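Both ligands and their constituent atoms are indexed starting at 1 by order of listing. All residue numbers in this chain count up from 1 along the given sequence. In this text, all values refer to a predicted model and were calculated from it rather than measured experimentally.
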Amino acid sequence: MYLDNSATTQVSEEVFNEMKPYFTEEFGNPSTLYKIGRESKKALDLARKRVADAINAKPEEIIFTSGGSESDNLAIKGIAFKLAKKGKHIITTNIEHPAVKNTLGFLESLDFKVTYLPVNENGVIEIDDLKEAITDETILISVMHANNEIGTIQPIEEIGKIARENGIKFHVDAVQSFGKIDVDVEKLNIDLLALSSHKINGPKGVGALYIKKGTRVVPLIHGGGQEKGIRGGTENVPGIVGFGKACELASQQLEEHHEKLSSIRDELIEKVLSTIPEAHLNGGSENRLPNLVNFRFKAIEGESLILLLDAKGYQASTGSACSSNTLEASPVLTALGLDPVDVHGSLRISLAPESDKFDVDEFVNVIAESVSRLREMSPLWNQDLDYDNVMCKKHNDECRMC
Ligand SMILES: *Cc1c(COP(=O)(O)O)cnc(C)c1O
């Protein structure tokens, strides 16, 4: 059972079928004038329209890229370089994906100033903090729509309104929210929005950046003038075709999937919290993605739990795929104000619509067994302790707290 759909997803059969001809007979370069080239151009146009429709944008506002990371880079560096003369201050949050965080870190090395807004225990920023952070020098606000580790959703519409009132460009990384909840660039007051194909059952290595009409960015890849000169290089036609199809399907199925996924999610939360002692949900229970939950279990190592679950046929992760091979405590969970020791006992489960085939009871039993096995070996675990209040319930000679 694959439960790591926030890391990547399987290409759906309909998407794959749509892509196939563009690997073989439809191999034309979309920039050429003869028929086979024009066919590729037509396919690009259709994909562009499908992506645009999915976020309530116009086709000419969509630039195809190699994925979410490139889109974030293009948005942030593209605006920073364009507007550097106006100001060098950027506002973001302290739970951004590395594609945003490390891009901003790079800009700091070029003398840009970055304000990292904290999140509250629910994983959401405070609007007042944002208002206070704005200066005359602020050129860009970059806030992710939904977080890839804990699934919490930011108040994007409100942030967008504040950005607009202050004449500041607003970039949103919508890689995790797109296809799961409604993403409407007009309603949310967004200027730039990053999307990735492989998180929505499309192929890897393709994505898009929405750039609102009238917003100018400096290109990062100079070349033959493709994508209106904003992103040079012959387009990844099969990938873009697949991405377009994936967008169309995701929009058509949005409501149905939302309902299905959130009901499995809620059942999972309810059962994990009620059957496993000292289990907690990371991030608030309100305002979260329908397909993602993140728990923490006292006194265990998340990595060991992942391996036990894998042995039982369940693939989940501790945090984001990008940080799971390092031993560093997750910056996202740390930003929630959690103790680093507790952060290490985390488990991220991200569902796909097919996940309704799996038995939540059985899965929760497997987690419960695995957690209790690990706790038996854990020097940190003592079931007589009330961990939330860090005091002993028994107060006898065996109590380690007394
Ligand atoms: C996966 C992800 C990205 C990166 O997208 P790629 O297409 O893998 O480069 C960026 N932001 C978020 C929130 C993501 O989850």
Is there a nitrogen or oxygen of Gly68 sitting under 3.5 Å from a nitrogen or oxygen of ligand 1?
-> yes
Does the N or O separation between His198 and ligand 1 drop below 3.5 Å for any pair?
-> yes
Pick out which of Leu209, Leu193, Thr92, Ile190 makes a side-chain contact (heavy atoms from CB on, under 4.5 Å) with His171.
-> Leu209
Among Asp173, Val100, Val206, whose heavy atom sits nearest atom 10 (C) of ligand 1?
-> Asp173
Would you please indicate yes or no on a ring centroid separation below 6.0 angstrom for Phe27 and Tyr22?
-> no
Is there any N or O on Ser69 that sits under 3.5 Å from an N or O of ligand 1?
-> yes
Close N or O approach (Ser6, ligand 1; < 3.5 Å) = no
At under 4.0 Å between heavy atoms, which part of Lys199 makes contact with ligand 1: side chain, backbone, both or neither?
-> side chain
Scan residues 45-54 for pairs that pass salt bridge (Lys or Arg N to Asp or Glu O under 4.0 Å), counting only residues two or more places apart or in two chains.
-> Glu18-Arg50, Lys41-Asp45, Arg48-Glu227, Lys49-Asp53, Arg50-Glu248
With atoms numbered from 1 as shown, which atoms in ligand 1 lie under 4.0 angstrom from a non-hydrogen atom of Gly67?
-> 7 (O)
Just one of Thr318, Asn294, Leu309 clears the side-chain contact (heavy atoms from CB on, under 4.5 Å) bar with Leu347, so which one?
-> Leu309
To which of Gln176, Glu70, Lys204 does the heavy atom nearest atom 15 (O) of ligand 1 belong?
-> Gln176
How are the rings of Phe243 and Phe178 set relative to one another: parallel (under 30°), tilted (30 to 60°) or perpendicular (over 60°)?
-> perpendicular
Which is it for Lys161 and Glu157 under the salt bridge (charged side-chain N to carboxylate O under 4.0 Å, His left out) test, yes or no, and what are the steps along the way?
-> CA-CA 6 Å; Lys161 228 176 113 208; Glu157 187 174 348; over 6 Å; no
Scan for salt bridge (Lys or Arg N to Asp or Glu O under 4.0 Å) pairs involving residues 68-80, sequence neighbours excluded, and state none if there are none.
-> Glu70-Arg231
Any N/O of Ser66 closer than 3.5 Å to an N/O of ligand 1?
-> no
